[in-house]
Amino acid sequence: MKLEYFPIHGRAIQIRLLLAYCKVDYEDIFVTFPEFAQRKKQGDFAPSGQLPMLTLDDGTKLFQTKSILRYIAKTQKGKNGENLYPGHSDPLLSFKIDEVIDTREDFLNNNL
């Protein structure tokens, strides 16, 4: 896996923290703003044209921070082997997880 984002914490910090918590080996690639502009013109970040971007080992590219967080939580186990996103097996717990993620988004948007 490789995570690409600007050389700042920004939106990717949550992804980095979750990957670290799950003990997932990944390559953390810092993209400069000039490089981002050039690669965006080339279509490297399609369809969203945004970062962060998580590229899976099979080449699949994932975009949108919250969607990436949910994907990791669904496909990885926590450091103690726990299921981090129960999905349909526990809808109320999934709601609580989504609530925390969305609250983080509110905080990020209001404090940049």
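Position 1 is the first residue of the sequence; numbering continues from there. Small disclaimer: the values here were computed from a predicted structure and weren't measured.
- V24 and Y71 end up in the same hydrophobic cluster when Ile, Leu, Val, Met, Phe, Trp and Tyr side chains are linked at under 4.5 Å.
- In this structure, CD1 in I97 is found 11.5 Å from CG in L69, a value given to the nearest 0.5 Å.
- The minimum heavy-atom distance between V31 and P7, with the atom names listed, is O-CD, 3.3 Å.
- In this structure, F36 has its ring center closer than 6.0 angstrom to the ring center of F45.
- Between the side chain of Y5 and the backbone N or O of R11, at least one donor-acceptor pair lies under 3.5 Å.
- Placement of I68 and Y21 within a single hydrophobic cluster is found when ILVMFWY residues are connected by side-chain heavy-atom separations under 4.5 Å, directly or transitively.
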Go through it in stages, so that I can follow the logic: the residues are C22 and L84, the test is side-chain contact (heavy atoms from CB on, under 4.5 Å), and I'd like the CA-CA distance, side-chain angles, deciding distance and then a yes or no.
CA-CA 9 Å; C22 295; L84 299 175; 3.4 Å; yes
With side-chain hydrogen bond (donor to acceptor under 3.5 Å, both in side chains) as the test, would you mind laying out the steps for D98 and Y85 before giving the verdict?
CA-CA 9 Å; D98 290 342; Y85 198 89; 2.8 Å; yes
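- When all heavy atoms of F63 and S48 are compared, the pair lying nearest together is CD2-OG, 3.2 Å.
- With respect to K40 and E35, no salt bridge is recorded, no charged nitrogen being found less than 4.0 Å from a carboxylate O.
- Here the shortest heavy-atom pairing between L3 and P52 reads CD1-CB, 4.0 Å.
- No donor-acceptor pair closer than 3.5 Å links the side chain of N80 to the backbone N or O of E82.
- Environment of NZ in K96: sparse, with no more than 12 heavy atoms of neighbouring residues, nucleotides or ligands closer than 6.0 Å.
- Atoms CG and CD, from L51 and E4 in turn, are 7.0 Å apart once rounded to the nearest 0.5 Å.
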Q14 and H9: side-chain contact (heavy atoms from CB on, under 4.5 Å), yes or no, with the steps?
CA-CA 9 Å; Q14 299 87 9; H9 290 306; over 6 Å; no
Where do L62 and M53 land on the side-chain contact (heavy atoms from CB on, under 4.5 Å) test, with the steps shown first?
CA-CA 6 Å; L62 306 180; M53 177 175 72; over 6 Å; no
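- One finds the CZ atom of R16 at 4.0 Å from the CG atom of D28 (value rounded to the nearest 0.5 Å).
- Within 6.0 Å of CG in D25 there are 12 or fewer heavy atoms belonging to other residues, nucleotides or ligands.
- Taking 4.5 Å as the limit, every side-chain heavy atom of Q76 sits out of range of all side-chain heavy atoms of K23.
- The CE atom of M1 sits 6.0 Å away from the CG atom of D57 when rounded to the nearest 0.5 Å.
- Remark: the backbone N or O of L56 is not paired with any side-chain donor or acceptor of T60 at under 3.5 angstrom.
- If you take CG on L19 and CD1 on I15, they are separated by 7.5 Å, rounding to the nearest 0.5 Å.
- Using modelled atom types, one side-chain atom of K61 and one backbone atom of D44 make a donor-acceptor pair closer than 3.5 Å.
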For K77 and N83, run side-chain contact (heavy atoms from CB on, under 4.5 Å): C-alpha distance rounded to whole Å, both residues' side-chain angles, the deciding distance at 0.1 Å, then the answer.
CA-CA 5 Å; K77 297 290 185 188; N83 183 355; 4.2 Å; yes
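- Other residues, nucleotides and ligands contribute more than 12 heavy atoms inside 6.0 Å of the CZ atom of F6.
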